[in-house]
S.K.: 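Have a look at the structure that comes next, please.
We name chains A, B, ... by the order of the sequence lines, and we start the count at 1 in each one. Only this structure's heavy atoms are used, side chains among them; waters, hydrogens and symmetry mates stay out.
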Amino acid sequence: MDDRGARRAPGRISLMCPAPRVRFAPSPTGHLHVGGARTALFNWLYARSQKGVFVLRIEDTDQERSTAASYAAILEGMRWLGLDWNEGPDVGGDHGPYLQSQRLDIYRQHLEQLAAAGLAYKCFCSAEDLQAREDEVKAAGGVWEGYDGHCRNLTADQIATAEAAGKPYAWRLRTPDEGMTFWYDIILDKLEFQNEVLVDRVIFKADGFPTYQFACVIDDHLMEISHVLRGDDHVSNTPFQLLIYQGLGWKPPKFGHMPMILGPDRKRLSKRHGATSVQEFQKQGILPAAMLNYLSLLGWSPGGNAKEVMTAREIIGKFSLKKVGSSPAAFDYDKLNHINGEHIKALDPGQKVQLALPLLAERGWALDPGWLVHGADSTEAYLGRVLGTLGNRFSSLLTLPDQIGFFFSEDFYVDQEAWTEHVGTEEAGTFLKALAAALEEGLALDQAHPAPAFEEVVRRCAEQQGVKAGQLIHPARVALTGQSRSAGIFDVMELVGLRRTIERLRKAAGSA
RNA sequence: GUCCCCGUCGUCUAGUGGUUAGGACACCGCCCUUUCACGGCGGCAACACGGGUUCGAUCCCCGUCGGGGAUGCCA
């Protein structure tokens, strides 16, 4: 094989250190899970920070479980996160094909090479045979420690007989009985395994497909992957794979095993904990930039007192494999939401409008041209003004509709508790009526008014009533917005418009 | 059972053979204020345990405990 390929990779930065080639190799058997997303992200960050190459390879060697829908979902999830790849099934590249199901001949050739060297052998045990022997061992009070080597030393006659009988067979790797296999892991440092504990696992299935263990090694080598960064659930697979590299006479890549992501209770992260796939987070209003940012903080840290809220570019600038930790992290939905809020707040006004527009469309909300509103003549412009009054209160896509619904519809969300407390009293009714009358007298109904005009009337009215402005403002806020918390009340009045403001105050007063 | 990994506030983490063990989320209090949020200020809270090594261990070694992973013709 030509190992100079790595040095031909684009964007090399040093003669001494060829640009790395890394890969994310998901199996298309479900959505892009946060664990997978984190693995993909760290590979991507490493590639981008080192001016290397990021390869996407699809490990679809499980015919039963691989689906086209999953393939599409994974690519979609990665695109949503903003993880782009230099080589992959959809974009091609010099090391394709990138779909393992299209590389069967390649695997077959290498299997033959191993078989010729006596390192792979045929195993005629059926799933039932294996299960029966396992049950037997367990029934005798023993522990099944993996394949028992049943077909390891079949004679030529035995093999011929089995083949003549048409018995299906798989291929297993013959692992050494003694010695040890070790490597220096980028994240976990030196790891070593006694070869004795390694079992002869299947490398080629009876259905003619290679197993993950085998295909992964062949592809990583042929695709000239320099660093294999994956979850630490693969640690125990590594010595076995190292033996395959060795059997084929190949130099293995560097390995880096990242700790897994756990649920808030430190158990395996599952649906029980809430969202686990990136598309679910998308539905929950999480911005891709925030998801990427949060995920980057799981197992990695910019260090010291550095800011944690970062853009992808900033993360790339600071990323280093050396700073990836080795202890598993619990997923914290609160912190994700906080980071999401920070990313929303950092958006410029135009971006916020674009972000919120689909939410209005979903509900059929738009600016009613019949309503007189000061300084906004289109839905977009109006939404811009609305979001402007919200300021930093806009920090979640999930709560936004309730926060702004009253600007677009008379059928808005009402917090019953707030209504009872602030509007449902006799005193509040009196104030609301007085305020409505004051507004009607003080301002021209056929005109749109800016916030200060409303403020002047409200404060004067409070004076006339002999109470502090707050006593009018609180009931008015609930009457206008349905809630006890909102943007500045005078801004609300301006954008709700005089006519509707008066209507809502009267309606609320009437319900007292 | 066996093998492997991990163990700093509740959570994410920084960090060092000698530090008042730092930051962030969450939580609590105060200020600001028409509410909430933001912001500002302050608070609560950690080196799992037991042995060593050492003048001195959170840091190095061993053990224990706890958590996670693997133990598939899944990946």
Side-chain angles (χ1 to χ4, degrees), chain A residues 25-29 36 59-62 64-66 123 125-127 130 138 141-147 168-172 185 187-188 191-194 196-199 201-207 209-213 215-216 230-239 257 259-260 262 264-268 294 297-309 323 325-339 341 345 390-395 403 418 422 455 458-459 462 468-474 476-478 481 483-490 492:
Chain A
S27 61
T29 55
E59 312 220 317
D60 56 346
T61 54
D62 185 335
E64 303 280 297
R65 301 195 302 155
S66 296
C123 173
C125 299
S126 66
L130 259 13
K138 285 180 177 169
V143 176
W144 178 258
E145 292 174 341
Y147 183 67
Y169 60 86
W171 289 86
R172 289 181 184 272
D185 196 274
I187 294 165
L188 301 175
L191 255 23
E192 57 185 7
F193 287 73
Q194 297 294 329
E196 181 189 358
V197 308
L198 269 24
V199 307
R201 306 174 75 164
V202 168
I203 54 176
F204 238 86
K205 300 180 268 189
D207 68 0
F209 277 68
T211 59
Y212 155 76
Q213 303 290 356
C216 157
R230 58 193 356 179
D232 73 9
D233 48 334
H234 286 294
V235 165
S236 55
N237 292 328
T238 308
H257 290 93
M260 315 213 65
L262 309 176
D265 56 0
R266 303 203 72 82
K267 300 292 182 196
R268 191 187 240 291
Y294 177 67
L297 261 14
L298 253 27
W300 172 79
S301 155
N305 299 347
K307 283 268 167 289
E308 289 188 327
V309 177
K323 292 175 78 175
S326 55
S327 54
F331 197 93
D332 184 346
Y333 291 88
D334 282 339
K335 186 149 184 173
L336 202 213
N337 278 332
H338 171 261
I339 287 182
K345 285 187 251 175
L390 246 36
N392 285 336
R393 294 176 188 83
F394 177 20
S395 63
Q403 282 180 288
H422 297 289
E455 175 158 15
V458 172
R459 292 199 186 280
K468 295 173 89 175
Q471 300 221 216
L472 297 192
I473 287 172
H474 294 308
R477 182 189 308 285
V478 178
T481 72
Q483 299 159 69
S484 58
R485 34 181 98 162
S486 76
I489 194 64
F490 308 118
V492 169

S.K.: Knowing that exactly one of A:Thr238, A:Asp233, A:Asp232 qualifies, which makes a side-chain hydrogen bond (donor to acceptor under 3.5 Å, both in side chains) with A:His257?
M.R.: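 Considering A:Thr238, A:Asp233, A:Asp232, a side-chain hydrogen bond (donor to acceptor under 3.5 Å, both in side chains) with A:His257 is found only for A:Thr238.
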S.K.: Among B:A24, B:U11, B:G22, which nucleotide has an atom closest to any side-chain atom of A:Lys335?
M.R.: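 Within the option list, the nearest is B:A24.
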S.K.: What nucleotide among B:U11, B:C4, B:A14 has an atom nearest to a side-chain atom of A:Phe193?
M.R.: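 So the nucleotide nearest the side chain must be B:C4.
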S.K.: Using Watson-Crick or G-U wobble geometry with both distances below 3.5 Å, tell me the partner of B:C3, or none.
M.R.: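 Its partner is B:G69 (Watson-Crick or G-U wobble, both distances under 3.5 Å).
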S.K.: Starting at the 5' end of RNA chain B, which residue's closest nucleotide do you reach first, A:Ala330 or A:Phe394?
M.R.: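 Nearer the 5' end of the strand: A:Ala330.
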S.K.: Can you tell me, in whole Å, how much space there is between the P of B:A26 and that of B:U33?
M.R.: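 Result for the P pair: 24 Å, nearest Å.
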S.K.: Considering only the C1' atoms, how many Å lie between B:C59 and B:G18, rounded to the nearest integer?
M.R.: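 Those two atoms are separated by 11 Å.
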S.K.: When rounded to the nearest Å, what value does the distance between C1' atoms of B:A21 and B:C9 take?
M.R.: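 Per the computed distance, 11 Å lies between those C1' atoms.
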S.K.: To the nearest Å, how far apart are A:Asp185 CG and B:C6 C1'?
M.R.: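 A:Asp185 atom CG is separated from B:C6 atom C1' by 13 Å.
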S.K.: Among the candidates B:C25, B:C36, B:C6, find the nucleotide nearest to the side-chain atoms of A:Ser327.
M.R.: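 Closest nucleotide to the A:Ser327 side chain: B:C6.
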S.K.: Using whole Å, report how far CD of A:Gln483 lies from P of B:C36.
M.R.: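 Those two atoms, CD and P, are 14 Å apart.
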S.K.: Using purine N1 to pyrimidine N3 plus N6-O4 or O6-N4 for Watson-Crick, or N1-O2 and O6-N3 for G-U wobble, both under 3.5 Å, which nucleotide pairs with B:A45?
M.R.: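 Paired with B:A45, as far as the under-3.5 Å criterion goes, is no nucleotide at all.
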S.K.: With a 4.0 Å cut-off on heavy atoms, is A:Ser301 in touch with a base, just the backbone sugar-phosphate, or nothing at all?
M.R.: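 If one applies the 4.0 Å heavy-atom cut-off, A:Ser301 turns out to touch the sugar-phosphate alone, with no base involved.
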S.K.: Of the listed nucleotides (B:A14, B:C5, B:G23), which one gets closest to any side-chain atom of A:Leu188?
M.R.: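 Of the options given, the side chain of A:Leu188 lies nearest B:C5.
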S.K.: Using the C1' atom as the reference point in each nucleotide, state the distance between B:C12 and B:C47 in Å, no decimals.
M.R.: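 The answer is 16 Å between these two C1' atoms.
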S.K.: Of all the heavy-atom pairs spanning A:Ala330 and A:Arg266, show the shortest one and how long it is.
M.R.: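 Heavy atoms of A:Ala330 and A:Arg266 come nearest at CB-NH1, 3.9 Å.
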S.K.: How many Å lie between NE2 on A:His338 and P on B:A37, as a whole number?
M.R.: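 Atom NE2 in A:His338 sits about 13 Å away from atom P in B:A37.
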S.K.: Report which part of the nucleic acid A:Ser326 touches: base, sugar-phosphate, or nothing (heavy-atom distance under 4.0 Å, all strands).
M.R.: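 It contacts sugar-phosphate atoms only.
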S.K.: Nearest whole angstrom, please: distance from the P of B:A24 to the CG of A:Asp334.
M.R.: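 Rounded to the whole Å, the gap is 16 Å.
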S.K.: Tell me: CZ of A:Phe490 to P of B:U35, nearest whole Å?
M.R.: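 These atoms are roughly 11 Å apart.
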S.K.: Can you check the A:Asn337 CG to B:A37 C1' distance for me, whole Å?
M.R.: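 Taking CG of A:Asn337 and C1' of B:A37, I get 15 Å after rounding.
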S.K.: Could you tell me whether A:Gly299 contacts a base, only the sugar-phosphate backbone, or nothing, with contacts defined as non-hydrogen atoms closer than 4.0 Å?
M.R.: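 Touches sugar-phosphate only.
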S.K.: In whole Å, what is the span from the CG atom of A:Leu297 to the P atom of B:C12?
M.R.: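 Rounded to whole Å, this separation is 12 Å.
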S.K.: Heavy atoms only: give me the nearest A:Ser484-A:Arg477 pair and the separation to one decimal.
M.R.: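 Smallest heavy-atom distance, with atoms named: O-CD, 3.2 Å.
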S.K.: Reckon A:Leu298 touches a base, only the sugar-phosphate, or nothing at all at heavy-atom distances under 4.0 Å?
M.R.: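 Touches sugar-phosphate only.
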S.K.: Counting C-beta onward and ignoring hydrogens, is there a side-chain heavy-atom pair between A:Glu308 and A:Leu297 closer than 4.5 Å?
M.R.: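 In contact.
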S.K.: Please classify the nucleic acid contact of A:Lys307 as base, sugar-phosphate, or nothing, using heavy-atom distances under 4.0 Å.
M.R.: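 Result for A:Lys307 = nothing.
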S.K.: Give a yes or no answer on whether the side chain of A:Arg393 reaches the backbone of A:Ser486 with a donor-acceptor pair at less than 3.5 Å.
M.R.: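 Flag set: sc A:Arg393 to bb A:Ser486 pair under 3.5 Å.
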S.K.: When you compare B:U58 with B:U13, how far apart are their C1' atoms, in angstrom units rounded to a whole number?
M.R.: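 Looking at atom C1' only, B:U58 and B:U13 are 15 Å apart.
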S.K.: Ring-plane angle category for A:Tyr294 and A:Phe331, please: parallel below 30°, perpendicular beyond 60°, tilted otherwise.
M.R.: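 The arrangement is perpendicular - the two ring planes meet at more than 60°.
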S.K.: Answer yes or no: is there a donor N or O on one side and an acceptor on the other, between the side chain of A:Lys323 and the main chain of A:Pro302, under 3.5 Å?
M.R.: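 Here the side-chain-to-backbone pair exists.
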S.K.: At under 4.0 Å between heavy atoms, what does A:Leu472 touch on the DNA or RNA strands: base, sugar-phosphate, or nothing?
M.R.: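 A:Leu472: no heavy atom of the nucleic acid under 4.0 Å.
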S.K.: Taking protein heavy atoms under 4.0 Å as touching, what does nucleotides 65-75 of chain B look like 5' to 3' if B marks base contact, S marks sugar-phosphate-only contact and - marks none?
M.R.: --SSSSSSBBB
S.K.: Quote, to the nearest angstrom, the C1' distance that separates B:C44 from B:A24.
M.R.: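 Taking atom C1' in both B:C44 and B:A24, they lie 16 Å apart.
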S.K.: Sticking with atom C1', work out how far B:G42 lies from B:C32, rounded to a whole angstrom.
M.R.: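 The same atom, C1', in both gives a distance of 15 Å.
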S.K.: State which of B:C25, B:U35, B:G23 makes the closest approach to the side chain of A:Glu308.
M.R.: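 Between B:C25, B:U35, B:G23, the one nearest the side chain of A:Glu308 would be B:G23.
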S.K.: I'd like the P distance from B:C38 over to B:G1, given in whole Å.
M.R.: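 Looking at atom P only, B:G1 and B:C38 are 48 Å apart.
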S.K.: More 5' along RNA chain B: A:Trp300 or A:Ile473, using each one's nearest nucleotide?
M.R.: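 Its nearest nucleotide being more 5', the pick is A:Trp300.
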S.K.: Under a 3.5 Å cut-off for both contacts, is B:U53 paired Watson-Crick or G-U wobble with anything, and if yes, with which nucleotide?
M.R.: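 Checking every strand shown, B:U53 finds no partner, since no pair has both distances under 3.5 Å.
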S.K.: Please give, in whole Å, the distance from B:U33 C1' to A:Arg393 CZ?
M.R.: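 The answer, rounded to whole Å, is 10 Å.
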S.K.: Does a side-chain heavy-atom distance below 4.5 Å link A:Phe204 with A:Thr61?
M.R.: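 Of all side-chain heavy-atom pairs linking A:Thr61 with A:Phe204, none is under 4.5 Å.
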S.K.: Return yes if some donor-acceptor pair links the side-chain N/O of A:Tyr212 with the main-chain N/O of A:Asp62 below 3.5 Å, else return no.
M.R.: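 Side chain of A:Tyr212 to backbone of A:Asp62: no pair is present.
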S.K.: Would you give the length of the straight line joining atom NE2 of A:His338 to atom OG of A:Ser395, rounded to the nearest 0.5 angstrom?
M.R.: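 It comes to 9.0 Å.
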